[in-house]
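Please read these numbers as outputs of a predicted model, since none were measured by experiment.
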Amino acid sequence: MKMVRWLDKHLEEVLLLVMLCAMVVIMGVQITARYVFSSSLSWSEEITRFLFICSGFLSASFCVKKSASVKIDQLVQLLPGKGVHILRLVSYTIELVFFSYLIPFAWEYMMSGVKSGQLSPACGIPMYLIQSAAVISFALCVIRLIQKWIERVQIITGKRVELRED
């Protein structure tokens with residue numbers, strides 16, 4: 001149970017940090033190989049590109065979890081009583097519908113990669129692995145939004161007094 005709580009709290013951060021560090025190390029090795037040894041690595045740019053794509057999708061879930069979306073808080077804070085929480089609940093509902101809508105399309109796109117058997121040119125990585133980043137990200141967004149939705153409902157109904165860190 002402790003591990004599940006830790007993953008709930010830190011999953012996106014750890015994965016994003018690992019991907020960023022991997023991109024820095026791989027590109028550092030590529031630069032060193034190119035300018036010091038006059039030899040280029042054929043796979044480094046492709047792996048870095050794939051890590052960048054995956055981190056871009058994963059950052060959507062991170063932003064949902066941290067409530068780091070574009071918003072105008074000054075307007076929302078003017079609402080009386082539980083109006084702020086109700087408006088945020090409406091916002092979470094819209095986002096939840098949006099990401100739930102995207103999952104089947106991302107799944108279909110990934111499955112087309114499975115059927116085609118396409119491999120990346122330099123590394124031979126099955127492309128459906130890279131395409132699965134969208135499915136995983138959208139599913140994580142849905143999970144995070146359900147968590148936030150439940151939290152807001154508890155606040156509105158008085159079952160919860162304070163919010164966890166947004």
Might you work through the side chain to side chain contact (heavy atoms under 4.5 Å, CB included) test for Gln147 and Asp8, ending with a clear yes or no? CA-CA 10 Å; Gln147 289 173 331; Asp8 180 47; 2.7 Å; yes

Separation of [Y] [atom2] from [X] [atom1] (nearest 0.5 Å):
X      : Y      : atom1 : atom2 : answer
Leu96  : Ile146 : CG    : CD1   : 5.5 Å
Ser40  : Ile31  : OG    : CD1   : 11.0 Å
Leu15  : Ser137 : CG    : OG    : 11.5 Å
Cys54  : Leu16  : SG    : CG    : 10.5 Å
Arg152 : Leu87  : CZ    : CG    : 10.0 Å
Ser120 : Arg49  : OG    : CZ    : 9.0 Å

Under 4.5 Å between side-chain heavy atoms, counting indirect links through other Ile/Leu/Val/Met/Phe/Trp/Tyr residues: same cluster for [X] and [Y] or not?
X      : Y      : result
Trp149 : Val97  : no
Phe52  : Ile136 : yes
Val114 : Phe50  : yes
Ile156 : Val153 : yes

Looking only at heavy atoms, which two atoms of [X] and [Y] are closest? And how far apart?
X      : Y      : value
Lys65  : His10  : NZ-N, 4.0 Å
Met23  : Leu51  : CG-CB, 3.6 Å
Ser116 : Gly113 : OG-O, 3.2 Å
Tyr101 : Phe105 : O-CD1, 3.2 Å
Ala33  : Leu41  : CB-CG, 4.3 Å

Kindly indicate whether the side chain of [X], heavy atoms from C-beta on, has any atom under 4.5 Å from the side chain of [Y].
X      : Y     : value
Ile26  : Trp43 : yes
Lys148 : Ser67 : yes
Gln30  : Thr48 : no
Leu20  : Ser55 : no

Name the orientation class of the two ring planes belonging to Phe99 and Phe138 (parallel below 30°, tilted from 30 to 60°, perpendicular beyond 60°). tilted

Below 4.0 angstrom, N of the basic side chain to O of the carboxylate: do Lys66 and Glu13 qualify? yes

Arg144/Glu12 salt bridge by N-O under 4.0 Å criterion: yes

Just wondering, more than 12 heavy atoms not from Trp107 lying within 6.0 Å of its CH2? no

Keeping the roles fixed (side chain from [X], backbone from [Y]), state whether a donor-acceptor pair exists under 3.5 Å.
X      : Y      : answer
Ser132 : Leu129 : yes
Ser61  : Leu58  : no
Thr93  : Leu89  : yes
Glu46  : Cys123 : yes

Any chance you could lay out the side chain to side chain contact (heavy atoms under 4.5 Å, CB included) test for Ile125 and Leu119, step after step, and finish with the verdict? CA-CA 5 Å; Ile125 298 172; Leu119 302 175; over 6 Å; no

side-chain hydrogen bond (donor to acceptor under 3.5 Å, both in side chains), that's the test. Do Glu108 and Ser112 meet it? Break it down for me. CA-CA 6 Å; Glu108 188 178 319; Ser112 71; over 6 Å; no

